[in-house]
Protein chains: 2
Amino acid sequence: MPTQPATALDHTLIALADPTRRAILRRLAQGEARVTELAEPFAISLNSVSKHIRLLERAELVVRERRGREHILRFRPEPLIGARDWIDRQQKFWKQGLEALDAVLAAETDKETRNDRQD
Amino acid sequence: MPTQPATALDHTLIALADPTRRAILRRLAQGEARVTELAEPFAISLNSVSKHIRLLERAELVVRERRGREHILRFRPEPLIGARDWIDRQQKFWKQGLEALDAVLAAETDKETRNDRQD
DNA sequence: GCTTCATTCACCCTAAAGGATGAATATCAT
DNA sequence: ATGATATTCATCCTTTAGGGTGAATGAAGC
């Protein structure tokens, strides 16, 4: 049992956390492709690629259009925004944390300075 | 057997792909903390948190300093840069792909236009 | 010394990822 | 109708993630 249900951000980051899937996305960023075309560069089975695509679909990084017997995959960039935003916020929080720490250290120094004056 | 050995980027994205670990990082962005402090907000066992921290260390998103019997964890933002860069590059590639597609469509339209003129 | 506290180690369990293969399905071509 | 092509479905296997518990380690405190 998962403690919390998986969110869209979870699905996005899970999807990005595999090199095969990232390679598939890079390929799709340059234009739509069929499953077989996507599988071609990899040493793994077509079936494994099919599963990778399913995870990319779950993350909505890829959409599928059935055109007769072939499935056309297209890249969708939207989920990347959420991932990028999380990273940016994290970095921002960290810088704020540093500033807060600096403020504390400055206050300490100031107090010491004042103490020095009182001595 | 993994087809390819895991890279730093793999480790980073794997580490980010869990909500508990992201919460730990958010906490650490505001300042260092001990394992027990990090575990406190979560309903899971101290042991599970300890394992999450190990994955964060593997990704070098966190460093540990043993201070007597307690372990002080600190956030390290560097690996986030690699993750952000991947996302940015992906988005850039996609926009370039769109421009290339536009160019093709423009050429098509141009050809049709010229054909129209010839008609 | 002994006890308490902080953390990990050694297991165990379950679910999911990542891979494989072989059969099924659906479409296209003849 | 037959055969080839594109893709998934149904299994199976192995590894890892994510959770748990209880024991072991190591440092503090008394």
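In what follows, every chain begins at residue 1, and chains take the letters A, B, ... in the order their sequences are listed.
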Subject >> Contact summary for B:R76 and B:P79, nearest pair of heavy atoms >> reply: O-CD, 3.4 Å
Original post:
Which pair of non-hydrogen atoms, one from B:L38 and one from B:R27, has the smallest distance, and what is that distance?
Top reply: CD2-CG, 3.6 Å
**OP:** Respond yes when some side-chain nitrogen or oxygen of B:H52 is under 4.0 Å from OP1 or OP2 of D:dG19, and no when none is.
**Re:** yes
**OP:** Considering just the side-chain nitrogens and oxygens of B:R34, establish if one lies under 4.0 Å of OP1 or OP2 belonging to C:dA6.
**Re:** yes
Salt bridge or not for [X] and [Y], using N-O below 4.0 Å?
X	Y	result
A:D88	A:R84	yes
A:E37	A:R34	yes
B:R67	B:E32	yes
B:R89	B:D85	no

Original post:
Counting N and O atoms only, with roles assigned by atom type, does the side chain of A:R21 sit under 3.5 Å from a partner on the main chain of A:A15, one being a donor and the other an acceptor?
Top reply: yes
**OP:** Using the criterion of both pairing distances under 3.5 Å for Watson-Crick and G-U wobble pairs, give all stems of 3 or more consecutive pairs involving DNA chain C.
**Re:** C:1-30 with D:1-30
Without decimals, in angstroms, what is the distance between [X] [atom1] and [N] [atom2]?
X	N	atom1	atom2	value
A:R21	C:dG19	CZ	C1'	13 Å
A:Q4	D:dG19	CD	P	9 Å
A:E40	D:dA6	CD	C1'	15 Å
B:E37	C:dA6	CD	P	10 Å
B:I53	C:dC9	CD1	C1'	15 Å
B:I14	C:dA16	CD1	P	17 Å
B:R66	D:dG26	CZ	P	11 Å

When clusters are formed by joining ILVMFWY residues with side-chain heavy atoms under 4.5 Å apart, either directly or through shared neighbours, do [X] and [Y] land in the same one?
X	Y	answer
B:V49	B:F75	yes
A:I24	A:V35	yes
A:L16	B:L80	yes
B:L55	B:F42	no

Original post:
Under a 4.0 Å heavy-atom cut-off, which of residues 54-62 of chain B touch DNA chain D?
Top reply: B:L55, B:R58
Original post:
Looking at D:dG19, D:dG18, D:dT7, which one has an atom nearest to any side-chain atom of B:D18?
Top reply: D:dG18
Original post:
Which letters describe nucleotides 20-30 of chain C, given B = protein heavy atom under 4.0 Å from base, S = only from sugar-phosphate, - = neither?
Top reply: BBB----BS--
